Visitor: 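Below you will find the structure I want to go over with you.
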Amino acid sequence: MEEDGDFRRWDELIPDALGLIFKNLSLQEVLTVIPRVCKSWQRAVTGPYCWQDIDIEQWSQQCRPEILDRMLQMLITRSSGSLRKLCVTGLPNDQSFSFIADNAKSLQTLRLPRSEISDSVVEQVAGRLSSVTFLDVSYCRNIGAAALEAIGKHCKLLMGLRRTMHPLEVIDKLSQDDEALAIATTMPKLKQLEVAYLLVSTEGVLKILENCPELELLDVRGCWNVKLDENFVKKFSQLKVVGPLVVDCFGMKGWDDCSNYSGSSGYLAWDFVAGDVGIDYDDEISDGDWEDDQSMEDVEMRFYDGFDLDNAAFDWPLSP
């Protein structure tokens with residue numbers, strides 16, 4: 001039997017290692033259980049080690065805007081400038097987007113579907129997103145060609161763009177070819193592009209193909225005005241085109257439905273579909289729970305206090 005000295009205690013693991021382990025836990029466990037175990041685990045959770053990749057996309061779908069704002073500010077602040085990936089649904093305002101951009105020096109993957117952001121704020125802060133390689137601005141109704149052009153001009157490393165719309169969100173528009181033109185003229189390094197249900201024409205898509213020679217996957221499902229000649233598409237040997245025919249009902253989950261793609265480099269190298277967070281809980285937290293002058297410990301433990309555990313839609317762990 002080996003002596004005790006050959007083993008390292010869990011509370012003596014370096015914060016980087018603890019951060020990697022804690023990434024396998026759910027958000028509520030990381031925020032409410034782990035900090036109460038020991039001081040070293042609390043330091044790991046309140047530092048940047050757990051927050052280089054922040055995925056609260058599922059949680060944010062059920063969250064009030066003011067709670068979402070506070071959560072983002074807390075988690076992004078903890079990342080201490082090391083944030084590499086952020087997935088969140090429904091940013092409530094331009095100020096939230098600006099705060100993200102202020103802390104985006106290392107950001108590579110940014111998913112912001114259904115966010116209430118405007119062309120003007122994107123034009124103002126796009127220069128701070130220069131390290132982004134994948135961007136999801138699907139169902140963002142208040143942005144258009146101006147925002148995409150600003151992104152393309154400043155995000156020179158951009159290789160993946162998702163700009164899917166719901167058919168009802170574009171029903172009042174005549175054309176979105178200006179967005180196609182913005183993509184074609186400013187994003188030459190794109191490898192994957194998803195513009196399902198965008199009101200683009202054949203001419204708009206041809207502009208993209210002409211100016212984005214590295215494109216490997218083009219999703220134009222629901223783009224009914226697009227008529228691509230099969231022989232023309234074959235000229236792009238590395239290109240996989242999905243659509244415009246929709247083979248299933250609306251709501252297919254993007255790249256999950258393109259599992260037969262067999263391109264040389266493989267589009268799965270890009271994180272187009274966020275991993276499951278396993279978070280499905282209510283957000284009944286009182287307005288005083290997220291004040292800036294509170295300690296992180298207080299904020300974390302308030303998660304317990306703000307919920308009716310008997311009627312909650314999830315099984316919270318018991319408070320230590």
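Basis for what follows: all heavy atoms, side chains included, without hydrogens, waters or symmetry-related copies. This one's a predicted model, so the numbers in the text were calculated from it and none came from an experiment.
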Visitor: Any idea which heavy atoms bring Cys155 and Ala126 closest together, and the distance?
Guide: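 Heavy-atom minimum between the residues: SG-O, 4.4 Å.
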Visitor: Is the closest side-chain heavy-atom distance between Glu216 and Leu239 below 4.5 Å?
Guide: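 Sidechains of Leu239 and Glu216: no contact.
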Visitor: Under the rule for side-chain contact (heavy atoms from CB on, under 4.5 Å), what residues qualify as partners of Arg128, not counting sequence neighbours?
Guide: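 Here the qualifying residues are Ser98, Ala101, Asp102, Val125.
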Visitor: Using side chain to side chain contact (heavy atoms under 4.5 Å, CB included) as the criterion, point out the one residue from Leu218, Leu217, Val205 that pairs with Leu193.
Guide: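 By the side chain to side chain contact (heavy atoms under 4.5 Å, CB included) criterion, Leu193 pairs with just one of Leu218, Leu217, Val205: Leu218.
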Visitor: Can you tell me how far apart CD1 (Ile151) and CD (Glu123) are? Round to the nearest 0.5 Å.
Guide: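 These two atoms lie 10.0 Å from each other.
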Visitor: So, taking the atom named CE in Met74 and the one named CG in Leu72, what distance separates them when rounded to the nearest 0.5 Å?
Guide: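 Met74 atom CE to Leu72 atom CG measures 10.0 Å (nearest 0.5 Å).
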Visitor: If I take atom OG1 from residue Thr164 and atom CG from residue Asp219, how far apart are they, to the nearest 0.5 angstrom?
Guide: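 Here the rounded value is 6.0 Å.
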Visitor: Can you tell me if Ser60 uses its side chain to pair, donor with acceptor, with the backbone of Ile56 under 3.5 Å?
Guide: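 Flag set: sc Ser60 to bb Ile56 pair under 3.5 Å.
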Visitor: Using a distance-only test with no angle check, is there a side-chain donor-acceptor pair under 3.5 angstrom linking Ser201 and Asn225?
Guide: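 Judged by distance alone, the side chains do not pair up.
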Visitor: Take Phe134 and Met159 through the side-chain contact (heavy atoms from CB on, under 4.5 Å) test and state the conclusion after the steps.
Guide: CA-CA 6 Å; Phe134 172 73; Met159 292 184 288; over 6 Å; no
Visitor: Considering only residues two or more places apart or on different chains, which pairs with a residue in residues 200-210 satisfy salt bridge (Lys or Arg N to Asp or Glu O under 4.0 Å)?
Guide: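 Qualifying pairs: none.
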Visitor: Out of curiosity, Ile100 CD1 to Leu107 CG, how far, rounded to the nearest 0.5 Å?
Guide: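 Separation between the atoms: 8.0 Å.
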Visitor: Residues in side-chain contact (heavy atoms from CB on, under 4.5 Å) with Asn142, at least two apart?
Guide: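 Testing Asn142 for side-chain contact (heavy atoms from CB on, under 4.5 Å), a comparison that skips the adjacent residues, returns Glu116.
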Visitor: In Å, rounded to the nearest 0.5 Å, how long is the span from NZ of Lys156 to OG of Ser131?
Guide: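 Answer for the NZ-OG pair, Lys156 versus Ser131, is 14.5 Å.
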Visitor: Any donor-acceptor pair under 3.5 Å linking the side chain of Asn103 with the backbone of Gly81?
Guide: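 Not at all, since once roles are kept as given, no pair shorter than 3.5 Å links the two residues.
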Visitor: Heavy-atom distance under 4.5 Å between the side chains of Val241 and Val220, does that happen here?
Guide: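 In contact.
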Visitor: Evaluate the side-chain proximity of Trp224 to Val200: yes if any heavy-atom separation is below 4.5 Å, no if none is.
Guide: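 No, too far: nothing below the 4.5 Å cut-off.
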Visitor: Determine whether more than 12 heavy atoms belonging to other residues, nucleotides or ligands lie under 6.0 Å from atom CG of Leu168.
Guide: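 Buried by this count: over 12 neighbours within 6.0 Å.
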Visitor: I'd like to know if the side chain of Asn211 reaches the main chain of Pro213, judged simply by a donor and an acceptor atom lying under 3.5 Å from each other, with no hydrogens or angles considered.
Guide: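 Here the side-chain-to-backbone pair does not exist.
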Visitor: In the structure I gave you, are the side-chain heavy atoms of Ile76 and Ile54 within less than 4.5 Å of one another anywhere?
Guide: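 Side chain of Ile76 against side chain of Ile54, heavy atoms only: contact under 4.5 Å found.
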Visitor: Please enumerate all residues that pass side-chain contact (heavy atoms from CB on, under 4.5 Å) together with Leu181, with sequence neighbours excluded.
Guide: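 Applying side-chain contact (heavy atoms from CB on, under 4.5 Å) to Leu181 gives Thr185.
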Visitor: Looking at Leu198 and Cys223, what are the two nearest heavy atoms and their distance?
Guide: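 In terms of heavy atoms, the two residues are closest at O-SG, 3.3 Å.
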Visitor: In sequence, state the C-alpha distance, the side-chain angles, and the governing distance for Arg114 and Arg141, and then conclude on side-chain contact (heavy atoms from CB on, under 4.5 Å).
Guide: CA-CA 8 Å; Arg114 297 180 177 86; Arg141 300 168 295 176; over 6 Å; no
Visitor: A side-chain contact here means heavy atoms from C-beta on lying under 4.5 Å apart; do Cys212 and Pro188 qualify?
Guide: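 Side-chain contact under 4.5 Å: no.
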Visitor: Please report the shortest heavy-atom distance between Trp51 and Ser79, naming the atom on each side.
Guide: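 Smallest interatomic distance, heavy atoms only, reads O-CB, 3.3 Å.
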Visitor: If we ignore hydrogens and angles and just use 3.5 Å, is the side chain of Ser106 paired with the main-chain N or O of Ser82 as donor and acceptor?
Guide: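 It does not hold such a pair.
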Visitor: Please name the pair of heavy atoms, one in Phe236 and one in Leu209, separated by the smallest distance, quoted to 0.1 Å.
Guide: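 In this case the closest contact between Phe236 and Leu209 is CE2-O, 3.7 Å.
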Visitor: Output yes when a side-chain donor or acceptor of Glu57 lies under 3.5 Å from a complementary backbone atom of Val88, and no otherwise.
Guide: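 It does not hold such a pair.
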Visitor: Suppose the criterion is salt bridge (Lys or Arg N to Asp or Glu O under 4.0 Å): which pairs have a residue in residues 177-188, not counting sequence neighbours?
Guide: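 For residues 177-188: Arg163-Glu179.
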Visitor: Check each of Leu190, Thr133, Ile183 against Leu158 using the side chain to side chain contact (heavy atoms under 4.5 Å, CB included) test, and report the only one that passes.
Guide: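 Looking at Leu190, Thr133, Ile183, the match for Leu158 under the side chain to side chain contact (heavy atoms under 4.5 Å, CB included) is Leu190.
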Visitor: Are Arg84 and Gln52 linked by a side-chain donor-acceptor pair shorter than 3.5 Å?
Guide: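 There is such a pair (donor and acceptor under 3.5 Å, judged by atom type) between the side chains of Arg84 and Gln52.
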Visitor: I'd like to check Asn93 versus Asp69 (side-chain heavy atoms, cut-off strictly below 4.5 Å). Are they in contact?
Guide: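 Yes, close enough: below the 4.5 Å cut-off.
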Visitor: Could you check whether any side-chain N or O of Ser138 sits under 3.5 Å from a backbone N or O of Met165, counting only pairs where one atom can act as donor and the other as acceptor?
Guide: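 No; zero donor-acceptor contacts below 3.5 Å.
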Visitor: Take Leu110 and Leu112 through the test side-chain contact (heavy atoms from CB on, under 4.5 Å) and record every step on the way to the result.
Guide: CA-CA 6 Å; Leu110 181 59; Leu112 303 172; 3.8 Å; yes
Visitor: Just wondering, do Leu83 and Asp53 contact through their side chains at under 4.5 Å, heavy atoms?
Guide: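 Asp53 does not reach Leu83 side chain to side chain.
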Visitor: Using every non-hydrogen atom in the two residues, find where Asp55 and Cys87 come nearest and quote the distance to one decimal.
Guide: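 Minimum heavy-atom contact is OD1-CB, 3.5 Å.
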Visitor: Taking only residues two or more places apart in sequence, or in another chain, which ones meet Lys153 in a side-chain contact (heavy atoms from CB on, under 4.5 Å)?
Guide: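 So Lys153 forms a side-chain contact (heavy atoms from CB on, under 4.5 Å) with Glu149, Thr186.
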Visitor: Can you tell me how far apart CG (Leu68) and OG (Ser96) are? Round to the nearest 0.5 Å.
Guide: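 If we round to the nearest 0.5 Å, Leu68:CG and Ser96:OG are 6.5 Å apart.
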Visitor: Test side-chain contact (heavy atoms from CB on, under 4.5 Å) on Val122 and Ile117; report intermediate values, then the result.
Guide: CA-CA 8 Å; Val122 175; Ile117 56 177; 4.3 Å; yes
Visitor: Run the salt-bridge test on Arg162 and Asp136 with the 4.0 Å N-O cut-off and return the result as yes or no.
Guide: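 Asp136 and Arg162: salt-bridged.
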Visitor: Answer yes or no: is there a donor N or O on one side and an acceptor on the other, between the side chain of Asp94 and the main chain of Ser118, under 3.5 Å?
Guide: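 Confirmed, Asp94 side chain pairs with Ser118 backbone.
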Visitor: If every non-hydrogen atom of Met71 is compared with every non-hydrogen atom of Leu31, which pair is closest and at what distance?
Guide: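 Shortest heavy-atom separation between Met71 and Leu31 comes out as CE-CD1, 3.8 Å.
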